[in-house]
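Heads up: the structure comes next, in structure tokens.
Quick note: numbers below take in every heavy atom, side chains included, and nothing from hydrogens, waters or symmetry partners. Computed from a predicted structure; not experimentally measured.
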Amino acid sequence: MDTKYLEKIGESFITHILLEAGILVAKPLFDQLGSDLIGFTSVDDSAKFCRIQCKYREVKKATCVEIDKEYVTGAFILFVYVKVQQERHLFCFLPEDIRRTFTQGRQRTKNIFRLQITRKAIESLVKDKAIAFTRKKATAISNLMKSSPPNSELRRMVSNLARQMKEVERIRRKHDELQQLIHEVEIADMEKKACEEKLEILEEYMGFWEEYNEN
């Protein structure tokens, strides 16, 4: 079965259990700071929300889950849906769980949290009741949302989006500058070619002139 399809199944399952636990869920039309889903406490003016990232892994050999360290702040929830042969496991990590369970590392220029997933590692994760999605865990998620400063998650995502837009604008300006330089080079090449043609004509004329004077 296609991995993308299985990821959608995992995301749908996570949405289902969150709704059953009384946490409202929405699917954003953007991916900001790891927000595959957005969880809400309510839909009125007092609503608090959290960013939810969903990871799917089918374990045939060693694999891993990597999370940008920048994401793991405030009301951030990570679900890891794991399939091992016919068994399926769902693990739920709050920021404190990630810092406790994952190791820190680097990926290119980013600081990340990394979780190695092997069959042996899964056995250890299953025994860790703190990362199982239970009623107690659902309450912890709700409390995390409620304890977050008003609109902090929204501000964080908007701020990140603004930074991305600035970066896009910077790249666009660089592109425009490069296009201008390419245009200037093309013009310079045309002028050089025209000068070379004029030089050839002058040299040919001088040859005729010298031959005429000799005669």
Side-chain angles (χ1 to χ4, degrees), residues 6-57 59 64-84 87-104 111-117 121-161:
L6 291 171
E7 288 175 350
K8 291 297 181 183
I9 291 176
E11 191 174 285
S12 296
F13 176 65
I14 291 164
T15 299
H16 172 74
I17 64 169
L18 286 169
L19 289 172
E20 276 194 335
I23 298 172
L24 304 178
V25 180
K27 176 69 176 175
L29 296 176
F30 55 82
D31 180 6
Q32 291 295 311
L33 294 173
S35 51
D36 295 322
L37 301 171
I38 302 293
F40 292 84
T41 56
S42 63
V43 292
D44 57 22
D45 292 340
S46 63
K48 299 289 185 70
F49 64 95
C50 64
R51 292 166 289 121
I52 301 170
Q53 187 166 102
C54 305
K55 295 288 188 181
Y56 169 87
R57 292 292 184 272
V59 183
C64 70
V65 169
E66 294 178 342
I67 303 295
D68 192 325
K69 191 175 180 180
E70 183 186 8
Y71 297 171
V72 188
T73 182
F76 174 76
I77 314 298
L78 170 66
F79 281 94
V80 179
Y81 186 79
V82 177
K83 181 177 181 290
V84 187
E87 294 182 2
R88 289 173 173 78
H89 304 283
L90 181 66
F91 306 109
C92 178
F93 300 87
L94 273 62
E96 61 189 32
D97 300 318
I98 295 173
R99 288 188 283 268
R100 174 177 60 85
T101 310
F102 287 54
T103 58
Q104 295 191 46
N111 293 315
I112 62 168
F113 284 106
R114 180 184 291 111
L115 178 65
Q116 296 293 337
I117 300 179
I122 291 171
E123 292 177 4
S124 178
L125 293 171
V126 170
K127 292 177 183 177
D128 188 349
K129 302 303 180 184
I131 58 175
F133 187 78
T134 59
R135 186 177 295 276
K136 182 178 179 181
K137 195 71 171 185
T139 300
I141 293 173
S142 295
N143 290 338
L144 180 63
M145 286 191 284
K146 292 174 183 177
S147 64
S148 295
N151 297 325
S152 63
E153 292 303 315
L154 180 59
R155 289 198 194 98
R156 188 175 287 114
M157 286 189 285
V158 169
S159 176
N160 190 64
L161 184 59

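Annotation: the span from Arg99 atom CZ to Thr73 atom OG1 amounts to 7.5 Å, rounded to 0.5 Å. Here the CD1-OG distance, from Ile131 to Ser124, works out to 8.0 Å after rounding to the nearest 0.5 Å. To the nearest 0.5 angstrom, Ile141 atom CD1 is 5.0 Å from Phe133 atom CZ. The OG1 atom of Thr139 sits 8.0 Å away from atom CD1 of Ile23, with the distance rounded to the nearest 0.5 Å. Put simply, NZ on Lys48 and OG on Ser142 are 11.5 Å apart, with the number rounded to the nearest 0.5 Å. Note that OG1 of Thr101 and CD of Glu96 are 10.0 Å apart. Values are rounded to the nearest 0.5 Å.
Between Phe113 and Phe102, the ring planes lie perpendicular to each other; the angle is over 60°, past the 30° to 60° tilted range. Relative orientation of the Phe76 and Tyr71 rings is tilted, given thresholds of 30° and 60° on the angle between their planes.
In plain terms, the two heavy atoms of Pro95 and Leu144 that are nearest each other are CD-CD2, 4.0 Å. Between Cys92 and Ile77, the shortest heavy-atom distance links the atoms SG-CG2, 3.8 Å. Minimum interatomic distance between Gly39 and Met145 (heavy atoms only, all atoms of both residues): O-SD, 3.5 Å.
A distance-only check finds a donor-acceptor pair linking the side chain of Lys137 to the backbone of Ala130 [under 3.5 Å]. Checked by atom type and distance alone, the side chain of Arg51 never pairs as donor or acceptor with a backbone atom of Gly74 at under 3.5 Å. Under a 3.5 Å cut-off, the side chain of Lys55 and the backbone N or O of Val80 do not form any donor-acceptor pair.
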Identify every side-chain donor-acceptor pair in residues 13-21 under 3.5 Å, counting partners at least two apart or on other chains, and give the distances.
from: Thr15; atom 1: OG1; to: Glu11; atom 2: O; distance (Å): 2.9
from: His16; atom 1: NE2; to: Glu20; atom 2: OE2; distance (Å): 3.3

Intermediate values then yes/no, side chain to side chain contact (heavy atoms under 4.5 Å, CB included), Tyr56 and Lys83: CA-CA 8 Å; Tyr56 169 87; Lys83 181 177 181 290; 3.6 Å; yes
Chi angles and distances behind the side chain to side chain contact (heavy atoms under 4.5 Å, CB included) call for His89, Leu125: CA-CA 9 Å; His89 304 283; Leu125 293 171; over 6 Å; no
Evaluate the side chain to side chain contact (heavy atoms under 4.5 Å, CB included) criterion for residues Val126 and Phe91: first the C-alpha distance (whole Å), next the side-chain angles of each, then the deciding distance (0.1 Å), finally the verdict. CA-CA 8 Å; Val126 170; Phe91 306 109; 4.0 Å; yes
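Applying the side-chain hydrogen bond (donor to acceptor under 3.5 Å, both in side chains) criterion to Asp68, with sequence neighbours excluded, gives no partner residue. For Arg114, the salt bridge (Lys or Arg N to Asp or Glu O under 4.0 Å) criterion is met by Glu66, not counting sequence neighbours.
Arg57 places none of its side-chain heavy atoms less than 4.5 Å from the side chain of Ile122. Contact check for Ile52 versus Asp36: no side-chain heavy atoms found under the 4.5 Å cut-off.
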